[in-house]
Amino acid sequence: MSDADGHEDPIEKIPVWCAGEDWCPVTTTATLIGKKWHPVIIHRLLEHGPSGFNELKEDVDGISSKVLSDSLEDLEEKQIVNREIISERPFRVQYSLTYHGDSLSPIIYAMRDWGLEHLSEPEDQTDSIV
């Protein structure tokens, strides 16, 4: 954002609840993206760009509409996702990543890469960690 003189405003930081502890940034980041579907939603927005609700529902296979709606609301409150109303009739919204959400890309891609390197399909679905 720029002010009237064209100077860039500093990016607003997300407030934390445990500032000062050396483990605090890890805990806060885990809290922001630690819910089951949050990293997947962020990954899909990184990969596909701004998306409508139904697009995201298709891209996040296995998520219910209620859980997606709640997750998007939570990510919006945490300043990770932006919700923009595109049209009133028919009512359409588009979700995109905020600056903070976009800056999570190295973490999300590191999670993906680690999973590709270290995880395999379970032989028996009851052996799955999920």
Side-chain angles (χ1 to χ4, degrees):
M1 294 182 187
S2 298
D3 61 17
D5 298 328
H7 296 98
E8 290 293 317
D9 291 337
I11 300 299
E12 182 180 334
K13 290 194 174 192
I14 297 172
V16 298
W17 50 268
C18 61
E21 301 290 341
D22 64 346
W23 48 262
C24 179
V26 173
T27 304
T28 302
T29 304
T31 301
L32 289 171
I33 64 170
K35 291 189 177 175
K36 178 179 179 177
W37 294 105
H38 287 181
V40 178
I41 293 167
I42 295 166
H43 179 260
R44 295 308 186 261
L45 289 171
L46 284 166
E47 290 287 298
H48 302 288
S51 302
F53 185 87
N54 291 332
E55 285 177 271
L56 277 172
K57 182 137 175 23
E58 286 180 24
D59 288 342
V60 182
D61 188 37
I63 193 170
S64 72
S65 294
K66 168 91 169 104
V67 171
L68 178 59
S69 179
D70 290 348
S71 295
L72 288 167
E73 187 176 306
D74 189 41
L75 288 167
E76 184 181 7
E77 286 175 13
K78 292 176 176 173
Q79 302 175 33
I80 304 299
V81 168
N82 183 50
R83 178 180 180 266
E84 179 182 0
I85 297 173
I86 301 299
S87 68
E88 294 286 339
R89 290 189 183 209
F91 186 75
R92 288 185 46 229
V93 296
Q94 181 171 282
Y95 296 92
S96 59
L97 293 172
T98 64
Y99 168 82
H100 296 298
D102 194 54
S103 70
L104 287 167
S105 65
I107 296 166
I108 299 298
Y109 288 129
M111 290 170 70
R112 178 205 59 200
D113 295 346
W114 187 92
L116 290 170
E117 184 175 340
H118 297 281
L119 303 177
S120 67
E121 294 276 330
E123 290 180 26
D124 179 0
Q125 288 299 330
T126 60
D127 292 339
S128 176
I129 62 169
V130 225

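Under the 4.5 Å side-chain heavy-atom criterion for grouping Ile, Leu, Val, Met, Phe, Trp and Tyr, Val93 is not connected to Ile86 through any hydrophobic cluster. In the hydrophobic cluster analysis, where Ile, Leu, Val, Met, Phe, Trp and Tyr join through side-chain heavy atoms closer than 4.5 angstrom, Val40 is grouped apart from Leu116.
Here Leu104 contributes atom CG and Leu32 contributes atom CG; the two are 7.5 Å apart, rounded to the nearest 0.5 Å. Considering CD1 of Ile108 and CD1 of Ile42, their distance stands at 4.5 Å, rounded to 0.5 Å. Going from atom NE2 of His100 over to atom CG of Asn82 covers 12.0 Å, rounded to the nearest 0.5 Å.
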Discussion item. Using the rule given for side-chain contact (heavy atoms from CB on, under 4.5 Å), can you reason through Ile80 versus Asp74, listing the C-alpha separation, both sets of side-chain angles and the distance that settles it, and then say yes or no?
Written reply: CA-CA 9 Å; Ile80 304 299; Asp74 189 41; over 6 Å; no
Item to complete: Just do the side-chain contact (heavy atoms from CB on, under 4.5 Å) check on Tyr95 and Leu75 with the steps written out, would you?
Response: CA-CA 10 Å; Tyr95 296 92; Leu75 288 167; over 6 Å; no
Worksheet item: Arg83 and Phe53: side-chain contact (heavy atoms from CB on, under 4.5 Å), yes or no, with the steps?
Response: CA-CA 10 Å; Arg83 178 180 180 266; Phe53 185 87; over 6 Å; no
Discussion item. Please determine whether side-chain contact (heavy atoms from CB on, under 4.5 Å) holds for the pair Leu56 and Arg44, giving the CA-CA distance in whole Å, both sets of side-chain angles, and the decisive distance to 0.1 Å.
Written reply: CA-CA 7 Å; Leu56 277 172; Arg44 295 308 186 261; 4.3 Å; yes
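Within 6.0 Å of atom CZ in Arg112, more than 12 heavy atoms from other residues, nucleotides or ligands are found, so the atom counts as buried in its surroundings. Counting heavy-atom neighbours within 6.0 Å of Asp113 CG, excluding the residue itself, gives a total above 12. When the shell of 6.0 Å around OH of Tyr99 is examined, it contains 12 or fewer heavy atoms from other residues, nucleotides or ligands.
Closest non-hydrogen pair, Ile85 versus Glu88, comes out as CG2-OE2, 3.8 Å. When all heavy atoms of Leu72 and Ile41 are compared, the pair lying nearest together is CD2-CG2, 3.9 Å. Here the closest heavy-atom approach between residue His38 and residue Ile33 is recorded as CB-O, 3.8 Å.
Among the candidates Asp102, Val81, Asp59, the single residue satisfying the side-chain contact (heavy atoms from CB on, under 4.5 Å) test with Leu45 is Val81.
Counting only distance, with no hydrogens or angles, the side chain of Ser51 and the backbone of Gly49 share a donor-acceptor pair below 3.5 Å.
Within the structure, side chain to side chain donor-acceptor pair (under 3.5 Å) contacts touching residues 64-73 (residues at least two apart or in different chains) are Lys66-Asp70.
The shortest side-chain heavy-atom distance between Gln79 and Glu12 falls under the 4.5 Å cut-off.
Qualifying salt bridge (charged side-chain N to carboxylate O under 4.0 Å, His left out) partners for Lys57, counting only residues two or more places apart in sequence or in other chains: none.
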